[in-house]
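Encoded as structure tokens, the structure appears first; notes follow it.
Below, each value reflects all heavy atoms present in this structure, side chains not excepted, and no hydrogens, waters or symmetry copies. Quick caveat: nothing in here was measured; it's all calculated off a predicted structure. Numbers restart at 1 for each chain; the letters A, B, ... are given by sequence-line order, proteins then strands.
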There are 2 protein chains.
Amino acid sequence: MALRHAVLAALLDGEYSGYQLTKIFDIGVSNFWYAAPQQLYAELTKLEADGLVTGREVVQRGRPNKRVYTVTEAGLGELAAFAATPAKPLLIRDDLAVKVHAVDLLDPAPVIEQLHDRAMEAAAKLEVFEQLLLRLRGELDEETFLRQAEHIGPYLSCLAGCRLERETRAWCLETARTLGERMARTGRETP
Amino acid sequence: MALRHAVLAALLDGEYSGYQLTKIFDIGVSNFWYAAPQQLYAELTKLEADGLVTGREVVQRGRPNKRVYTVTEAGLGELAAFAATPAKPLLIRDDLAVKVHAVDLLDPAPVIEQLHDRAMEAAAKLEVFEQLLLRLRGELDEETFLRQAEHIGPYLSCLAGCRLERETRAWCLETARTLGERMARTGRETP
DNA sequence: TGAGGCATGTAATTTGTTACATGATTAT
DNA sequence: ATAATCATGTAACAAATTACATGCCTCA
């Protein structure tokens, strides 16, 4: 079980509803985990049934009510046990890299386009992450913050996200340029 | 279908058996895809049934015979169609980052240990990747190679792997140091 | 003689994904 | 009116993980 822990970790930052978590997993936590909305709703239900989180109905005006969740003591215990267990290797699955790997025998044009798209997405994410870092550390500079603040977990994981997005952007642009120049030189695309 | 394309792309580099592919997916292709051995055997069987690869029995002395696979024309067509299709976002699932995200409420000691382990794995992979780059480009320097060689796909995807591993190593070491210093300062671990 | 690499799977279970479904409110 | 955002799911299907199973050969 794995999504379970990602959800628990995300809920440490505050009370969130399923819907809010989908947003967080879409941009923030996408940092280190991906999950579809339906997975999150299902997992929250299971987590509550297992007593690892507690839900609380929040009545809203002007929009549908929502159910927000908090990690329980048992949930914290589950996380502690998880943290003490050896980490599984990073799971990565990248469509675009597969295409680049095979690009020699393929039409590079659509691949180049996708590289540009990915570069722009990475740049956008990077900006979001950097804003988040600023918000988290407030007045302090990074070094001071990391030395003195109580809650640095989200900051540290966000730093990983920044690194990933920065490198992604750079690699995509570089690769697109390389492929583009070769295309221009040979004049033609499909082999 | 996705693993399918990763396998086809890997098989463009040469004829491989299921067992060899497990090695490649463990270190080389781990670059952009992860798959368990059983998945690979199953996928190769399906790919052959669908006519996207052809298998060939290779009799060996001193070790069991193996079946090696080559991409067919139809397989290449499948890859071409795949490459022309919009890329799905990068899928990432990182246990260790989840732990770091939650570290404020947990015992940091095992997390720090895992960060060191991960850093060493990353360094090892980085070395493998850099050796691979050297082997691929032969005499040429990178720029010349990327301009002139026919087959640059594997080189380009390997560059992405290098970036990832380099950043992983740096982030792990930095994060471990930060957490370690805080532990030393507070003297105590679990909150 | 036992560990470890080579080589290939099956079967059961757990996860994840896709498509579908619903319904309210707000902004355009 | 219509689209977008908020909000939460179910059901069917596809994929991945885990555990198990087999058997040969080499090297220590």
Return the 5'-most residue of the pair B:Q38, B:K46 with respect to DNA chain D, ranking by each residue's nearest nucleotide.
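With B:Q38 and B:K46 compared, the 5'-side residue is B:K46.
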For [N], does either OP1 or OP2 sit under 4.0 Å from a side-chain N or O belonging to [X]?
X: B:T22; N: C:dA7; value: no
X: A:Q60; N: D:dC6; value: no
X: A:S17; N: D:dT8; value: yes
X: A:Y41; N: D:dT8; value: yes

Taking atom [atom2] of [N] as reference, at what distance in whole Å does atom [atom1] of [X] sit?
X: B:Y34; N: C:dT15; atom1: OH; atom2: P; result: 15 Å
X: A:L40; N: D:dT8; atom1: CG; atom2: C1'; result: 12 Å
X: B:L44; N: C:dG9; atom1: CG; atom2: C1'; result: 12 Å
X: A:Q39; N: D:dA7; atom1: CD; atom2: C1'; result: 18 Å
X: A:R61; N: D:dA7; atom1: CZ; atom2: P; result: 14 Å
X: B:Y19; N: C:dT8; atom1: OH; atom2: P; result: 10 Å
X: B:K66; N: C:dG5; atom1: NZ; atom2: P; result: 17 Å
X: A:Y16; N: D:dA7; atom1: OH; atom2: P; result: 14 Å

Taking the nucleotide of DNA chain C with the closest heavy atom to each, which residue, A:A36 or B:P37, is nearer the 5' end?
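First, find each residue's nearest nucleotide; the 5'-ward one identifies B:P37.
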Sugar-phosphate, base or nothing in reach of A:R4, heavy atoms under 4.0 Å:
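The answer is nothing, as A:R4 stays clear of every strand by at least 4.0 Å.
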Sugar-phosphate, base or nothing in reach of A:T45, heavy atoms under 4.0 Å:
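Counting heavy atoms under 4.0 Å across all strands, no contact is made by A:T45.
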What I want to find out is whether A:E113 reaches A:R118 closely enough, with some N-O distance under 4.0 Å, to be called a salt bridge.
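Salt bridge: no.
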B:K99 to A:F82 six-membered ring, cation-pi geometry met (6.0 Å, 45°)
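Verdict for A:F82: a cation-pi partner in B:K99.
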Which nucleotide in the set D:dT8, D:dT17, D:dG23 lies at the smallest distance from any side-chain heavy atom of B:P64?
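My answer, after comparing the listed nucleotides, is D:dG23.
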Ignoring hydrogens and geometry beyond distance, is a side-chain donor-acceptor pair present between B:H5 and A:D95 at under 3.5 Å?
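Distance-only check fails for B:H5 and A:D95.
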Indicate whether the side chain of A:H101 and that of B:N31 have a donor and an acceptor atom separated by less than 3.5 Å.
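Not at all, the side chains of A:H101 and B:N31 share no donor-acceptor pair under 3.5 Å.
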Take A:F145 and A:Y155, measure what ring-ring contact (aromatic ring centres under 6.0 Å, His included) needs, and give me the verdict at the end.
CA-CA 10 Å; A:F145 171 77; A:Y155 195 94; 4.8 Å; yes
